[in-house]
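First the structure, which I've put down as structure tokens, then a few questions once you've had a look.
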Amino acid sequence: MNDKVEHWRNQTLVNRTRSNEMIATECYTLVKYIVENYKERMETIQNPLLHLFSHCMELTYKEINLYALNHSYINGNIEKTIHGHDLRKLSSMFVKLCRKLSQENCCSDEDKKIIDKIIPNHIKLCETLATTTTTYRYIENYDNNGNIKGKSVPFQNDNESPNIQELYPLFKDCYSSASYVSYILEYFLQ
């Protein structure tokens with residue numbers, strides 16, 4: 001009996017994943033667990049951990065932006081958004097969406113204040129991560145011919161690199177506030 005229980009405890013069910021939002025939630029859960037439980041130096045897991053931060057927010061922004069695009073609430077290229085991986089571009093679209101939403105007459109004054117307050121955090125998160133598609137995934141960027149274009153990680157010195165104690169609260173705030181914006185947007189577009 002115990003072997004069967006252990007087998008199912010470890011069974012992955014990726015065939016049941018139905019949205020990027022679900023994967024973003026899984027990334028968020030994993031980041032939260034790692035940061036709150038990993039007691040060694042963060043540099044020993046820095047690249048995959050920072051990639052999880054970035055990928056979680058990429059998927060979160062992408063889902064919200066696509067919802068707004070598909071409902072013609074904002075203008076943009078749906079195909080480019082679907083296939084886009086640039087966190088800065090996705091975040092920029094999200095911030096524009098937030099600004100537009102906070103200007104709506106039906107948006108409560110309280111929600112307008114909340115939205116205006118969270119926008120700088122989303123900008124700061126992207127600046128802190130300084131991410132592109134390849135940042136934290138590969139050591140170098142390559143052009144279409146396979147030639148090295150430069151370092152993938154843009155940080156020149158140690159103090160420029162993200163500090164988990166500073167990044168994690170910002171990340172949690174951005175993830176939860178994006179969920180809040182998503183809720184307001186869905187309510188507004190019903």
Side-chain angles (χ1 to χ4, degrees), residues 17-33 35-36 49-136 154-155 160-190:
T17 304
R18 298 288 180 242
S19 69
N20 285 329
E21 184 180 17
M22 289 177 75
I23 296 173
T25 302
E26 292 173 3
C27 289
Y28 178 83
T29 303
L30 186 55
V31 165
K32 186 175 187 309
Y33 180 81
V35 171
E36 293 177 3
L49 179 59
L50 291 170
H51 177 67
L52 284 171
F53 276 93
S54 176
H55 194 58
C56 175
M57 293 311 300
E58 172 194 328
L59 294 173
T60 301
Y61 292 143
K62 189 179 286 193
E63 283 293 299
I64 296 167
N65 292 342
L66 285 170
Y67 183 83
L69 286 167
N70 284 321
H71 286 81
S72 301
Y73 185 69
I74 58 173
N75 295 320
N77 187 309
I78 292 175
E79 284 299 312
K80 282 186 178 180
T81 303
I82 288 170
H83 298 291
H85 299 284
D86 188 324
L87 185 65
R88 288 182 176 175
K89 288 180 182 175
L90 292 165
S91 172
S92 178
M93 183 182 283
F94 174 78
V95 166
K96 287 177 187 173
L97 168 80
C98 287
R99 288 190 174 123
K100 181 174 181 176
L101 196 57
S102 72
Q103 298 302 312
E104 296 289 350
N105 290 333
C106 64
C107 188
S108 72
D109 289 340
E110 182 181 354
D111 286 340
K112 287 177 183 185
K113 287 178 188 175
I114 290 169
I115 291 171
D116 290 342
K117 183 180 176 189
I118 65 166
I119 287 173
N121 288 344
H122 288 272
I123 294 168
K124 183 177 180 184
L125 178 69
C126 290
E127 289 172 353
T128 302
L129 287 171
T131 186
T132 64
T133 302
T134 58
T135 305
Y136 313 121
F155 309 108
E160 292 177 340
S161 297
N163 182 294
I164 300 301
Q165 285 182 314
E166 296 165 4
L167 180 62
Y168 182 57
L170 181 62
F171 165 75
K172 287 193 320 183
D173 178 69
C174 287
Y175 181 78
S176 64
S177 64
S179 298
Y180 187 72
V181 168
S182 177
Y183 172 77
I184 294 170
L185 182 65
E186 288 178 20
Y187 179 79
F188 178 69
L189 296 179
Q190 285 183 3

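The shown structure was predicted, so the numbers you read here are calculated from the model rather than taken from an experiment.
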Worksheet, complete the sentence: Note: A178 and F94 closest approach over all heavy atoms is CA-CZ, 3.8 Å

Fill in: 4.5 Å side-chain heavy-atom contact, M57 and C174
yes

Worksheet item: With under 30° as parallel and over 60° as perpendicular, where do the rings of Y168 and F53 fit, or are they tilted in between?
Response: perpendicular

Worksheet item: Do E58 and T131 have side chains that get closer than 4.5 Å, going by heavy atoms?
Response: no

Practice prompt. Over all heavy atoms of both residues, which pair between L52 and V31 is shortest? Give the atoms and the distance, please.
Written response: CB-CG2, 3.5 Å

Worksheet item: Should we count CD of E36 as having more than 12 external heavy atoms under 6.0 Å?
Response: yes

Discussion item. Tell me whether K62 contacts the main-chain N or O of G84 through its side chain, where contact means a donor paired with an acceptor under 3.5 Å.
Written reply: yes

Practice prompt. Decide yes or no for C106 and F188: does some side-chain heavy atom of the first lie under 4.5 Å from some side-chain heavy atom of the second?
Written response: yes

Item to complete: Take L90 and D86 through the test side-chain contact (heavy atoms from CB on, under 4.5 Å) and record every step on the way to the result.
Response: CA-CA 6 Å; L90 292 165; D86 188 324; 5.9 Å; no

Worksheet item: Does OH in Y180 sit with more than 12 non-hydrogen atoms of other residues, nucleotides or ligands closer than 6.0 Å?
Response: yes

Discussion item. Could you check whether any side-chain heavy atom of Y67 comes within less than 4.5 Å of a side-chain heavy atom of Y73, counting everything from C-beta outward?
Written reply: no

Fill in: CG-OG1 distance between N121 and T128, expressed to the nearest 0.5 angstrom
9.5 Å

Worksheet item: Is it true that atom CZ of F155 has more than 12 heavy atoms of other residues, nucleotides or ligands lying nearer than 6.0 Å?
Response: yes

Worksheet item: Short question: side chain of T29, backbone of T25 - any donor-acceptor pair under 3.5 Å?
Response: yes

Worksheet item: If you measure from NZ on K113 to OG on S108, what distance do you get to the nearest 0.5 Å?
Response: 9.5 Å

Fill in: From OG (S91) to CD1 (I123), nearest 0.5 Å
7.0 Å

Worksheet entry | Side chain proximity check, L129 to T135, heavy atoms < 4.5 angstrom | no

Worksheet entry | I118 CD1 to S176 OG distance, which is reported to the nearest 0.5 Å | 8.5 Å

Worksheet item: Do N77 and I82 have side chains that get closer than 4.5 Å, going by heavy atoms?
Response: no

Discussion item. Exactly one of H55, H122, H85 should register a ring-ring contact (aromatic ring centres under 6.0 Å, His included) with Y61. Which one does?
Written reply: H122

Worksheet entry | Minimum-distance pair of heavy atoms, taken over all atoms of I115 and C107 | CD1-SG, 4.3 Å

Discussion item. Go through it in stages, so that I can follow the logic: the residues are K96 and I74, the test is side-chain contact (heavy atoms from CB on, under 4.5 Å), and I'd like the CA-CA distance, side-chain angles, deciding distance and then a yes or no.
Written reply: CA-CA 9 Å; K96 287 177 187 173; I74 58 173; over 6 Å; no

Worksheet item: With a 4.5 Å heavy-atom cut-off, do K112 and D109 have their side chains touching?
Response: yes

Item to complete: Please tell me if the side chains of K100 and E104 come closer than 4.5 Å, counting only heavy atoms from C-beta onward.
Response: yes

Item to complete: Look at the side chain of D116 and the backbone N and O of S102, then say whether any donor-acceptor pair between them is shorter than 3.5 Å.
Response: no

Worksheet, complete the sentence: To the nearest 0.5 Å, atom CD of E21 lies from atom OG of S179 at 7.0 Å

Worksheet item: Hey, mind stepping through M93 and L69 against side-chain contact (heavy atoms from CB on, under 4.5 Å) and telling me if it holds?
Response: CA-CA 10 Å; M93 183 182 283; L69 286 167; 4.1 Å; yes

Item to complete: Measure the spacing between OG of S54 and CG of L49 and express it to the nearest 0.5 Å.
Response: 11.5 Å

